[in-house]
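Here is the naming used below: chain letters follow the sequence lines, and residue numbers restart at 1 for every chain.
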Amino acid sequence: MIDEAELSELLTAAATTFEVPKGGEDAVLAAATAPADSKRERPHWRPRRPRLAVGLAAGVLVVGGIFALGTVVGSQQHKSKFSPVGLPVTGASAGTSAGPSGASAGFAGTASGATAAQPAPVAAPAVRGFPQRRPRPR
Amino acid sequence: MSDGYPSAYRTACLILRNPADAEEAVQEAFLRAWRFRAAVRDEAGVRPWVYRVLVNACCSKLQRERTRRAHAADADALEDVPAPELSPEGSAARTETTAEVKAALAALPEHLRIPVVLRYYAGLNEREIASAIRRRPGTVKSRLHEARRRLGADPRIARLVSGREEMEL
């Protein structure tokens, strides 16, 4: 392994063979003192590890999208699950939550005394009833 | 600037091995340093910051050169090492020495050549080099070690070193 001092000497000797161009400094000064352009370059933040930043951002987007999709789909299912088709609607059930409206409608009688503060009784799954027909007179 | 320009220019020459590219890189670096001089709070941080900009400019030039070579049919990897410009005294031995040093340096890969030049010619410390090339100080240390090992094993450098030792004896 080459000695550090030795290497430093060799590099210095090699570097001094490059003649510094005359007017190089003047060119830089002239360009620096020239009138500023309209499009001025601004220093912008560069992430240290751009690939990692992009990957993290993509991951956040994917997770957020899945969460949003799940929320939308879940709310739609929740709305359509207990369809009040064929079930009598009473006044007591009108004040119940919109979600299990179909379930509680069948137990309107028992839930008539329920207030908003009291938790709604757990209802059995709604059984869709068919419209009742009056028996024909004989 | 008058103090830093020659050193920065020669540093770029050792990295890029092409004086024309080096001149462009240095001008670009100094211009950027002038435009964003407000970003540097203390004077002690000016030099490493200028070298950081310079290294970025050199790396851009090297990248463009690699792309150009990839498109060109020429498979010769070594760029034409500029003929050393003789001092007024002129010395054949000195010319040979510097040519061999440049050739040995050119044989190093970029990721080793840049830290070596910054450390052993420009005089930056490991932390400043780490900031300039955007790597950890430990990485800089290992690269410097590897570069010194390779240069020590290079027959051209070994010949120079052994020749110097004989002269001293």
Check: L118(B) and I114(B) side chains under 4.5 Å, non-hydrogen atoms: yes
Contact class of L105(B) relative to chain A, heavy atoms under 4.5 angstrom: side chain
Other residues, nucleotides, ligands: >12 heavy atoms within 6.0 Å of H145(B) NE2: no
Pairing residues for Y51(B) by the side-chain hydrogen bond (donor to acceptor under 3.5 Å, both in side chains) criterion, not counting sequence neighbours: S7(B)
Partners passing side-chain hydrogen bond (donor to acceptor under 3.5 Å, both in side chains) against E146(B) (at least two apart in sequence or in another chain): R149(B), R150(B)
Centroid-centroid distance, F18(A) to Y9(B), less than 6.0 Å: no
With E23(B) via salt bridge (Lys or Arg N to Asp or Glu O under 4.0 Å) - residues at least two apart: none
Inter-chain contacts: residues 120-130 of chain B against chain A, heavy atoms under 4.5 Å: Y120(B), Y121(B)
